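Structure first, commentary second.
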There are 2 protein chains.
Amino acid sequence: MERAPEFTKEQIAAAQYYASLTPPIDLDPRIASLVRDLIGRVADKWTMLILDVLAEKSPLRFSRLSELVEGISQKMLTQTLRAMERDGLVVRTVYPVVPPKVEYKLTDLGITLGAAFCGVWVWAANNLDTVEKARQEFDQRPR
Amino acid sequence: MERAPEFTKEQIAAAQYYASLTPPIDLDPRIASLVRDLIGRVADKWTMLILDVLAEKSPLRFSRLSELVEGISQKMLTQTLRAMERDGLVVRTVYPVVPPKVEYKLTDLGITLGAAFCGVWVWAANNLDTVEKARQEFDQRPR
DNA sequence: CCGGATCCCGAGTGATACTG
DNA sequence: CAGTATCACTCGGGATCCGG
């Protein structure tokens, strides 16, 4: 239980590689604005969390998802899944049985987004205590 | 103005590399929960957008930031910058002059987070029209 | 019984005005 | 210029209801 992280060596290497790159550079202004819009929708707490559990295990039923995505309300789960379906990130399959059974799984597009977010997960895991330390320091600074 | 994307070859390569990786794998449950918390705070629309403009050009004054981060209110700008400062992502420098001058720049930690988000930006730029097409299709599907 | 739609309420967000 | 204060409003969470 001590350590635990455990990413593949490839993931670590990729993260370090990313970290060595220059930051994002600019695009055509019109496209850039569209990209920002898209980022705005996709850079959402619940979207990322849902994406993550679906990336690990898929397909999943609605009820299983609400267990695995810790802290989410049914409302936001439904809502976020709908948006993700609309954006082509997940497919929703309804089985006409009783009791109802609805499964969600990532599309190929969703999988690539999950992979893109991978760097953020690695970052979070690696810098957890750095951030924690920064917070404590900040909170103790004189007002 | 035609095309325009233009990422470095290294960025493209890194993105493709990421996309080829397996999705994030699990950690120690306790740590995983902390990581999720951190993701929750950092995977925020405004945080990403601010991070991006600061990554491109830094340091920036408050007023310049509010111009560059399109659509943000002063309130959310202040609030998000404070949170980012607390998390050790940005440094805030106050010059005791009149009129006031306050500059924000990324810390090294902030730079690495920006780099980690890079994959998402690349994804968004690459899949813009795929998403747009998916939306149109979805919206036209019978109710 | 499961998936999810609806309603209500409190917290968070945005626009505007104001201040050191 | 860089914020804070105020207020109206939207959005998210929880409980409840419902159709298959």
Side-chain angles (χ1 to χ4, degrees), chain A residues 36-37 39-51 53-54 57-87 89-106 138 141-143, chain B residues 33 36-37 39-50 53-54 57-87 89-106 138 141-143:
Chain A
R36 271 195 299 272
D37 283 0
I39 290 284
R41 301 214 193 162
V42 139
D44 164 72
K45 179 186 176 185
W46 295 130
T47 301
M48 271 202 70
L49 262 19
I50 292 175
L51 202 63
V53 313
L54 281 179
K57 199 174 168 189
S58 178
L60 285 173
R61 300 183 58 170
F62 185 86
S63 49
R64 190 88 187 97
L65 268 170
S66 55
E67 291 166 17
L68 292 176
V69 182
E70 206 152 341
I72 197 170
S73 62
Q74 298 113 310
K75 186 182 180 179
M76 284 314 290
L77 183 55
T78 306
Q79 199 168 303
T80 308
L81 282 171
R82 284 280 191 285
M84 291 174 74
E85 188 192 2
R86 190 173 107 96
D87 288 348
L89 300 173
V90 302
V91 251
R92 175 171 177 271
T93 313
V94 182
Y95 297 90
V97 298
V98 41
K101 175 177 176 178
V102 181
E103 280 186 343
Y104 294 90
K105 69 188 266 291
L106 291 185
F138 182 90
R141 260 151 61 183
R143 216 70 328 268
Chain B
S33 128
R36 271 196 299 272
D37 283 359
I39 290 283
R41 299 214 194 163
V42 139
D44 164 73
K45 179 187 176 185
W46 295 130
T47 301
M48 271 201 71
L49 262 18
I50 291 175
V53 312
L54 281 179
K57 199 174 168 189
S58 179
L60 285 173
R61 300 182 59 168
F62 186 87
S63 51
R64 190 88 187 97
L65 269 170
S66 55
E67 291 165 18
L68 293 176
V69 182
E70 207 152 339
I72 196 171
S73 62
Q74 296 120 308
K75 185 181 180 180
M76 286 314 291
L77 182 55
T78 305
Q79 199 168 303
T80 309
L81 283 171
R82 285 278 192 284
M84 292 173 75
E85 189 192 0
R86 190 173 107 95
D87 288 348
L89 300 174
V90 302
V91 252
R92 176 171 176 272
T93 312
V94 182
Y95 297 91
V97 297
V98 39
K101 175 176 176 178
V102 181
E103 281 186 344
Y104 294 89
K105 68 187 266 291
L106 292 185
F138 182 90
R141 259 151 59 184
R143 218 85 318 271

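Chain letters run A, B, ... following the sequence lines, proteins first, then strands; residues in each count from 1. Everything quoted here is computed from the prediction, not taken from an experiment. Excluded from the calculations below are hydrogen atoms, water molecules and symmetry mates; all remaining heavy atoms, backbone and side chain alike, are included.
Residue P99(A) is classed as a base contact, given a heavy-atom separation below 4.0 Å to a base.
When rounded to the nearest whole Å, the span between CG of L77(A) and C1' of dC2(C) equals 13 Å. Following rounding to the nearest Å, K45(B) (NZ) and dG12(C) (P) show an atom-to-atom distance of 18 Å. E70(B) has its CD atom 16 Å from the C1' atom of dG14(C), to the nearest Å. Rounded to whole Å, the distance from CD on Q79(B) to C1' on dG12(C) is 8 Å.
A pairwise comparison of heavy atoms in P100(B) and R61(B) identifies O-NH2, 3.2 Å as the closest pair. For K101(B) against V97(B), the heavy-atom pair with the smallest separation is CB-CG2, 3.9 Å. Considering all non-hydrogen atoms of both residues, S63(A) and S66(A) come closest at O-OG, 2.8 Å.
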Tell me which donor-acceptor pairs under 3.5 Å the side chains of residues 40-51 of chain A have, and how far apart each pair is, sequence neighbours excluded?
unit_1	atom_1	unit_2	atom_2	d
D44(A)	OD2	W46(A)	N	3.1
D44(A)	OD2	T47(A)	N	2.9
D44(A)	OD2	T47(A)	OG1	3.0

Acceptor/donor pairs from residues 69-83 of chain A side chains to any protein atom, 3.5 angstrom cut, sequence neighbours excluded:
unit_1	atom_1	unit_2	atom_2	d
E70(A)	OE1	R36(B)	NH2	3.3
S73(A)	OG	M76(A)	N	3.3
T78(A)	OG1	Q74(A)	O	2.9
T80(A)	OG1	M76(A)	O	2.6

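On the nucleic acid side, DNA chain D has its first and last nucleotide under 4.0 Å of a heavy atom of chain B at dC1(D) to dT4(D), going 5' to 3'.
The side chain to side chain contact (heavy atoms under 4.5 Å, CB included) search around V94(A) returns R92(A), V102(A), not counting sequence neighbours.
Residue W46(B) places at least one side-chain N or O under 4.0 Å from the OP1 or OP2 atom of dG14(C).
The 5' end of DNA chain D is approached more closely, in terms of each residue's nearest nucleotide, by D44(A) than by the other of P100(A) and D44(A).
Surrounding NZ of K105(B) are at most 12 heavy atoms belonging to other residues, nucleotides or ligands under 6.0 Å away.
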Map every base of DNA chain D to its dot-bracket character, where paired means a Watson-Crick or G-U wobble contact with both distances under 3.5 Å and | marks a partner outside the strand. ||||||||||||||||||||
Enumerate all atom pairs, one protein N or O and one N or O from nucleotides 4-8 of chain C, separated by less than 3.5 Å.
unit_1	atom_1	unit_2	atom_2	d
dG4(C)	OP1	R92(A)	NE	2.9
dG4(C)	OP1	R92(A)	NH2	2.2
dG4(C)	OP2	Y104(A)	OH	2.9
dA5(C)	OP1	R82(A)	NH2	3.0

